[in-house]
Amino acid sequence: MSTEAQTTESHGSPLTPRDYIKIGLILTVITIVELIASYVELGALLIPILLFLSLVKFVAVVALFMHLKYEARILTQMFVMGAVLATCILIGLLYLFRNDPTDALGGVDPASGGHAARIWIGHYLHI
Amino acid sequence: MSEAVTHAEHHTSTGVDNRMLMMWIFLASECLFFGSLISTYLIYQGESLVGPLPGELLNIPITSASTFVLLMSSVTMVLAVYGAQHKEFLMMKLNLLATIILGTIFLGFQVVEFTEFVHHGLLLSTNQFGSSFYLLTGLHGTHVGIGVIYLISLLIGSSRRNGLGKDAGLNLEIAGLYWHFVDIVWIVIFTIIYLIPS
Amino acid sequence: MATATTSMSQSHQKSGVWDWLTTVDHKKIGVLYGVSGFSFLLLGGIEALLIRTQLAVPNGTVLDAELYNQLFTMHALTMIFMAIMPMGASFFNYFIPLMIGARDVAFPRLNALSYWIFLSGALILTSSFIFGGAPDGGWFAYAPLSSEDYAVGRAMDFYTVGLVVLGLSSLMASLNFAVTIINMRAPGMTMMRLPVFMWMTIVVNFLLILSLPVITVALAQLYFDRNFATNFFSPAQGGDPILWQHLFWVFGHPEVYVLILPSMGIISEVLPVFSRKPLFGYAAIVFAGVAIAVLGFAVWSHHMFTTGLDTVPKIVFSASTMAIGVPTGIKIFNWLGTMYGGQIRFTTAMYFSVSFIALFTIGGISGVMHGSPPIDTQQQDTYFIVAHLHYVLFGGAIMGIFAGIYYWFPKMTGRFLNETLGKINFWLMFFGMNLTFFPMHFLGLSGMPRRVYTYDSGFGWDAWNMVATIGSYILAFGILIFLFNFFKTMRQEPTAGNNPWDGATLEWATSSPPPEHDFDVIPEVRDRDPLWYDRDNNIQQPEPPEENHIHLPPPSYMPLIMGFGVALIGIGALSHLAMTGLGVAVVIYSIWGWVLEPID
């Protein structure tokens, strides 16, 4: 994660207020790009692009604003544990509901909307 | 895992403050809290039997504005932390105040949004979209609200004679962790609920 | 700022009521958890006895169907959330600081708060009996049994509110314990020198930290379904009752390990001491515990094989379930390896520990059996499952907790529990438990369903049900012997020295019972079995200095007030919004009081 040799033991980050404002601007630009992307016809690429951009924002805030990049490794381990587990459970649950044979028994009326989330998640998981 | 030998010069075994460690572990727990809520939202996407549906209601430009407000509050928050850590207490207080105002504006946006939705006939009980949307964004809003109260308490505390004492930097940093976390949860919610077409 | 300075001579034990209400001492909070947990164990036991009495003969008339449903639901809730978990928390509280060489947990007041919130939640949930009936939808509260249509009245609201409050308590305690073990270890106490009980403790607490939020969300959804007309779990409006099951078991399966791992940790302490041999395969046993926890999050749907899972999920969850047998087997072989070739002393604690291995293995094997979907389909909702889970939770968790009580009683009180009575206690519990639960395997295989309040004669179930009921009374008699032993012992003089069993871990380095500040001098750790290392290498712990001023946090009544505020919020969620508002006000007041209170 730390490509630059910034993993010093010292507390607090080397970032200055100028850096923080720059990061804020970059995050704003990413948000604007996301907004534009959601209006442009990108087809199947749209969702991966949006998820990637929000992941970039997520990691930037956690690493730089929350100083995780400059803190002891134990804190990264703790947070990544929760974030990864939550993502895995989310994917697992969506997979399970995508592959729910009880739906075929007429529990849900397909005419009333179908399974949008299940279909797009399923599409990218190739399931 | 076993490298964490205690050093005498460190106050704790890992060198990390107890409160800081607890906040990070708490945030790991919060990941699962919001993960469950987002899962529910996604599972029920397209399961509403009656309208109104998300496509008819969600207002992306306005929500982009409120997302921008929350993002800016993260910038002011990190500047407040910087101020506290570098003993520039005026900078800390001003940015803390700005964060509180921006957080309140975000909540204002949410109130407007909810009122609008209710006008269009979307109640908690209307359909699956209503139930899962209100629960997810409502509990996120509750977190923002608690964060605002948290920051107001720190602002009041910092205007006492001793300010926030020798732990000012740490106190602000921990509050900042909570605040930024609420922000990144919104980053995820904004993408998943608003930007990705249902 | 005010300071509380305790010098050596001042460390007398105070025990007035006010002192117990305001204490932030981890040992006293541990005792509070232990006494509360044991009281709820007795309550849950009485519930179980009523159930067994009803089922002793066909067409029993002791209970009606309604009360029976409440009793089996509350029996499970009481045992899981109010007996086993708090008794585990009792050992965590008492022994985390002592075993890692600290003076207290990381957040002493938060620790007290956890207890008071636990007590609030437990009392709210139990009080449902007198406010219109206890929850009756099973501890899993499957929709639609928990919906407004099928659970009329407040009973299931007591369930949601009670469990959220109890969950809040567990979350606070878990955060506290996790931080304490990671951050408050004595010099030289690396992670790989932690006692195995501490490793199992940290695993349990991370399981809770990561699984409680999921059940909290599910409970919030259930509460909203019942009170604000949302449709999360009602299929008629587009909801899906299966979602409840998924969320419940994402929490529920790690919860099972929360119940069993503390006991695995306890016997990993008891077996080496009474075999006079270091634990065999320390690293393997630690990593097996971690592996169980990780896999524990990947098996939840094996509780739902009969709900109509697709083939791939069935295979995956079946495989991950059976995979858990591997780390569990590693542990069992390590325990056997620890005893092999040792100079075994058969104390009561050792009896309980050895019986843990045997009984847990039986429960574990029947668990792997219904990891297989076709077999599970046959066994689902029969007494076979009841037999399995009681072999794990009684034969495992409770036997382990009793091992811990007999092992650490001299440390906690300075007194030995009577060994003769202890062995009578053990044999009665052991025979009683096998007599109660082993026949349930046969009952289940011959088709007797769970949760039926009565049954007709002529299915071949009569004899085994009678045997099980007789067994449950023998078991209860064994617990009575324990109570007699306890009260008898408490009237004796304290005669146990610092280290009566020749234990290897740090809690035995201080006096029995330990002083308020735990250690006169924080010990230096040089080995995985620090006391044995010091003994064999003739290392003396340094003498305490003449002037020994140790700063301890002063008592505080803020945790009590905040716990009361949380209770009011909970009661408000069951009665009137105004009560909730009052509760919030009390909590905010106590947070301010908490923050502004001088602590050092």
Side-chain angles (χ1 to χ4, degrees), chain B residues 1-8 10-26 28-40 43-44 46-50 123-132 134-136 138-139 149-150 153-154 156-157 160 164-165 171, chain C residues 1 100 102 105-107 110 171-172 174-176 178-194 205-206 208-218 220-221 224-225 228-232 236-240 242-243 246-247 250-251 286 290 525 588 591-592 595-596:
Chain B
M1 226 177 255
S2 56
E3 89 284 15
V5 184
T6 311
H7 299 293
H10 278 147
H11 192 62
T12 59
S13 309
T14 57
V16 180
D17 185 84
N18 283 341
R19 287 164 285 179
M20 182 93 129
L21 180 60
M22 181 165 84
M23 182 50 95
W24 275 107
I25 303 178
F26 172 67
S29 178
E30 288 275 78
C31 284
L32 279 117
F33 184 80
F34 284 105
S36 308
L37 288 165
I38 292 170
S39 303
T40 305
I43 285 164
Y44 283 146
E47 296 288 323
S48 298
L49 299 184
V50 293
L123 302 175
L124 256 177
S125 53
T126 306
N127 56 24
Q128 291 313 97
F129 170 57
S131 299
S132 53
Y134 283 128
L135 195 68
L136 169 55
L139 282 171
I149 295 170
Y150 188 175
S153 308
L154 283 175
I156 295 173
R160 292 183 310 164
L164 292 169
N171 282 330
Chain C
M1 286 211 174
I100 65 173
V105 292
F107 305 98
L110 188 68
L171 181 66
M172 289 175 172
S174 303
L175 289 169
N176 201 349
V179 171
T180 306
I181 298 179
I182 293 175
N183 240 3
M184 307 270 289
R185 285 166 281 132
M189 178 68 88
T190 60
M191 289 305 273
M192 287 315 277
R193 281 183 191 163
L194 280 178
N205 288 306
F206 275 110
L208 283 168
I209 288 166
L210 298 173
S211 67
L212 282 168
V214 182
I215 192 71
T216 308
V217 167
Q221 291 169 344
F224 271 59
D225 265 12
F228 304 115
T230 56
N231 312 307
F232 288 108
Q237 279 84 36
D240 196 340
I242 299 298
L243 178 64
H246 279 296
L247 293 179
V250 169
F251 155 79
V286 166
V290 176
V525 179
I588 290 176
I591 290 176
W592 276 84
V595 173
L596 297 175

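Letters A, B, ... mirror the listed sequences (proteins, then strands); counts begin at 1.
- Neither the backbone nor the side chain of B/Ser39 comes within less than 4.5 Å of any heavy atom in chain C.
- Summarising the geometry of B/Gln128 relative to B/Ser48, their closest heavy-atom pair is N-OG, 3.6 Å, with the distance given to 0.1 Å.
- Within the 4.5 angstrom heavy-atom criterion, atoms from both the backbone and the side chain of C/Phe232 approach chain B.
- Neither the backbone nor the side chain of C/Ile215 comes within contact range of chain B, judged by heavy atoms closer than 4.5 Å.
- Every residue two or more places apart in sequence or in another chain that forms a side chain to side chain contact (heavy atoms under 4.5 Å, CB included) with C/Ser174 is listed here: C/Asn205, C/Leu208, C/Ile209.
- With chain B as partner, the option from C/Ala229, C/Ala102, C/Ala220 having the largest number of non-hydrogen pairs under 4.5 angstrom is C/Ala229.
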Query raised in the report: Going through the checks in order, is the side chain to side chain contact (heavy atoms under 4.5 Å, CB included) test met by B/Leu37 and B/Leu139?
Result: CA-CA 9 Å; B/Leu37 288 165; B/Leu139 282 171; 3.8 Å; yes

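- With a threshold of 4.5 angstrom between heavy atoms, C/Leu110 approaches chain B through side-chain atoms but not through N, CA, C or O.
- Proximity to chain C (any heavy atom under 4.5 Å) is shown, for B/Leu136, by neither the backbone nor the side chain.
- If you check the side chains of C/Thr230 and C/Asp225, you find a donor sitting under 3.5 Å from an acceptor.
- Between the CE atom in B/Met22 and the CG atom in B/Asp17 there is a gap of 10.0 Å [rounded to 0.5 Å].
- In terms of heavy-atom pairs under 4.5 angstrom with chain B, the leader among C/Val595, C/Val179, C/Ile588, C/Leu194 is C/Val179.
- Remark: C/Val214 engages B/Leu32, B/Ser36, C/Leu247, C/Val250 in a side chain to side chain contact (heavy atoms under 4.5 Å, CB included) (not counting sequence neighbours).
- Only the side chain of B/Leu135 comes within contact range of chain C, judged by heavy atoms closer than 4.5 Å.
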Requested in this report: Show your reasoning for whether side chain to side chain contact (heavy atoms under 4.5 Å, CB included) applies to B/Thr40 and C/Gln221.
Outcome: CA-CA 10 Å; B/Thr40 305; C/Gln221 291 169 344; 3.0 Å; yes

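- The candidate with the highest count of non-hydrogen atom pairs below 4.5 Å against chain C, out of B/Ser29, B/Ala28, B/Gly130, is B/Ser29.
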